[in-house]
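Attaching a single structure in structure tokens format; questions to follow.
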Amino acid sequence: MEFKFADRMDNFQEGIFTTLANIKKKRINENKPVFDLSVGTPDFVPEKHIMDALVKAAQVPENYKYALTDTDELIEAVKIWYKRRYRVDLESDQIMSLYGSQEGLSRIALTICNPGDTVLVPNPGYPVFAMGPMLNDAHIEYYELREDNNYVIDFKSIPEELAKKAKAIVVSYPANPICRVAPVSMYKELIEWAKKYNVIVLHDNAYSELVYDGKEGISFLSVDGAMDVGIEFNSLSKTYNLTGARISFAIGNSQIISQFKKLRSQIDYGIFLPIQKAAVAALLGPQTSVERNKQEYEDRRNALADGLASIGWKGVMSEGTMFAWAPLPDGYTDSQEFVLELINKAGVVCVPGSAFGSLGEGHVRFALVYPVEKMKLIVQAIKESGIIKK
Ligand SMILES: Cc1ncc(COP(=O)(O)O)c(C=O)c1O
């Protein structure tokens, strides 16, 4: 039988990640060293009180029923967390859970866009920002994040015609892959711009707790007027090392939340109750691990950035997220070619900037997923490979 699949399947190419995985596998089979700094999965473990809450709830037979909705306890926990952390007061109808921000971002455009409606997304940016709306048959236009503007949005550079046409804009800081944090002034401008052109703001705050150098991450919702124009995605994945548990929240404008809930009531019977219990334990329990993880990521960033600078690879940086963003070393211009050479010569796997959009070219992204001592070994491996041309 000849199957006829949807045209949209042509949008998905296996691309660089499959190539990287294959080369990695081959090196492992050949007993050659591999340092995988490509994927952003935290190597830290969840706190015991969170796992205990999950285990305890998993032993209650009642908890295996469809959850259908978020428990009151979970919604209250989010309210308390947002108030404590950002001084933001939330109402219950401004909060809903998701199976991770990835899932939310892949579906939210269904509630906002008719086929062909325009969504603005960052270039460079995290792939689901574009893929999600595309999957929902929206039309994607990119706004540029340029190094010479410190990678924050230059609203003047978005043509008026495009702003008038846009239904939504995806914004995300601390930003993956460019590892920058946005100032409050940018959010103020964003809100003004969104109101002027009637554009919904979708702010992804997946790395809200991973901001370095003594600074604190902020919530988009803590800026005046934000509730009028959009929602924020906030995830427990990186904050509490719960990536596999798949729980995050969409929070903000109650009209958008209520439409999204209506849509999801057709496809979703609620988050597994033991996961909801674990989330409550994470949000209301001791927060010491959050600070500890942040410090460890910062130390890793320093070990990598300072180590690479000392061998002639300058400019590796990160203000936040669990990644570092690096210009290609002198003598290289093609990020994909460079990444392949880096694996083959040093066994170090990272992601070419071009995988995040055309403006990512000329850079690579490292995930800060090894302890400081191993970061030093990685620097040594890169040094010994001779790939840095002095
Ligand atoms: C910017 C960004 N948003 C969202 C996600 C996905 O988060 P979640 O685990 O909540 O789906 C990631 C994961 O790497 C990410 O980097």
Side-chain angles (χ1 to χ4, degrees), residues 17 36-44 46 50 70 74 78 81 95-109 119 121-133 135 145 151-153 168-182 201-211 217-220 230-252 260 264 268 271-272 275-276 278-279 282-283 290 293-294 297 301 318-325 350-351 353 355-357 360 364-369:
F17 288 96
D36 190 353
L37 301 178
S38 64
V39 184
T41 301
D43 56 320
F44 302 120
I50 302 174
D70 297 326
L74 180 63
V78 174
W81 196 90
I95 306 167
M96 67 187 287
S97 68
L98 303 163
Y99 294 99
S101 298
Q102 185 84 3
E103 185 261 342
L105 287 158
S106 73
R107 286 181 167 156
I108 184 68
V119 178
V121 303
N123 174 16
Y126 182 60
V128 79
F129 297 160
M131 263 318 150
L135 278 174
L145 297 180
Y151 286 112
V152 294
I153 309 174
I169 183 168
V170 182
V171 176
S172 180
Y173 293 91
N176 173 16
I178 50 176
C179 302
R180 291 321 204 265
V181 173
V201 176
L202 305 169
H203 184 248
D204 182 21
N205 206 356
Y207 300 98
S208 66
E209 304 315 291
L210 294 176
V211 175
I218 67 156
S219 165
F220 161 64
I231 60 172
E232 169 159 284
F233 294 86
N234 204 320
S235 175
L236 302 199
S237 288
K238 309 292 162 73
T239 303
Y240 297 105
N241 302 311
L242 294 175
T243 42
R246 311 309 301 132
I247 183 152
S248 78
F249 299 93
I251 301 166
F260 203 16
R264 292 171 60 86
D268 167 31
I271 304 259
F272 185 42
I275 302 283
Q276 296 201 34
L283 292 165
V290 178
N293 287 352
K294 169 166 129 165
Y297 281 127
R301 176 208 61 179
S318 179
E319 294 174 355
T321 76
M322 56 176 296
F323 303 101
W325 186 239
C350 60
V351 183
F356 301 101
V364 292
R365 189 198 73 178
F366 293 108
L368 302 171
V369 288

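Note that ligands are numbered from 1 as they come in the structure, with each ligand's atoms numbered from 1 the same way. Given the structure is predicted, the values throughout are model-derived calculations rather than measurements.
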Exercise. Where the closest heavy atom to atom 8 (P) of ligand 1 is concerned, which of Pro127, Gly125, Ser101, Pro42 has it?
Worked result: Ser101

Exercise. Heavy-atom contact under 4.0 Å between Tyr207 and ligand 1?
Worked result: yes

For this session: Work out whether the distance between some heavy atom of Asp204 and some atom of ligand 1 is less than 4.0 Å.
Result: yes

Exercise. Can you tell me how far CG of Leu105 sits from CG of Asp204, rounded to the nearest 0.5 angstrom?
Worked result: 5.0 Å

Seminar exercise, completed: for atom 10 (O) of ligand 1, nearest protein heavy atom and its distance come out as Ser235 OG, 2.6 Å

Problem set entry | Numbering as shown, the atoms of ligand 1 that approach Ala206 to under 4.0 Å (heavy-atom distance) | 2 (C), 3 (N), 4 (C)

Exercise. Using 30° and 60° as the class limits, which term best fits the ring planes of Phe220 and His203: parallel, tilted or perpendicular?
Worked result: tilted

Problem set entry | Identity and separation of the nearest protein heavy atom to atom 9 (O) of ligand 1 | Ser237 OG, 2.6 Å

For this session: Report yes or no: does a heavy atom of Lys238 sit under 4.0 Å from some atom of ligand 1?
Result: yes

Problem set entry | Candidates Cys179, Cys350, Ser318 - the one meeting side chain to side chain contact (heavy atoms under 4.5 Å, CB included) with Phe323 | Cys179

For this session: Answer yes or no: is there a side-chain heavy-atom contact under 4.5 Å between Glu103 and Arg246?
Result: no

For this session: Report yes if Ser172 has an N/O atom closer than 3.5 Å to an N/O atom of ligand 1; otherwise report no.
Result: no

For this session: Heavy atoms only: give me the nearest Leu210-Tyr297 pair and the separation to one decimal.
Result: CD2-CD1, 3.5 Å

For this session: Any chance you could lay out the side-chain contact (heavy atoms from CB on, under 4.5 Å) test for Asn293 and Lys238, step after step, and finish with the verdict?
Result: CA-CA 9 Å; Asn293 287 352; Lys238 309 292 162 73; over 6 Å; no

Exercise. What protein heavy atom sits nearest atom 11 (O) of ligand 1, and how far off is it?
Worked result: Arg246 NH2, 2.7 Å

Seminar exercise, completed: The closest protein heavy-atom partner of atom 6 (C) of ligand 1 is Gln102 OE1, 3.7 Å

Exercise. Do the side chains of Glu209 and Tyr240 get nearer than 4.5 Å, heavy atoms only?
Worked result: no

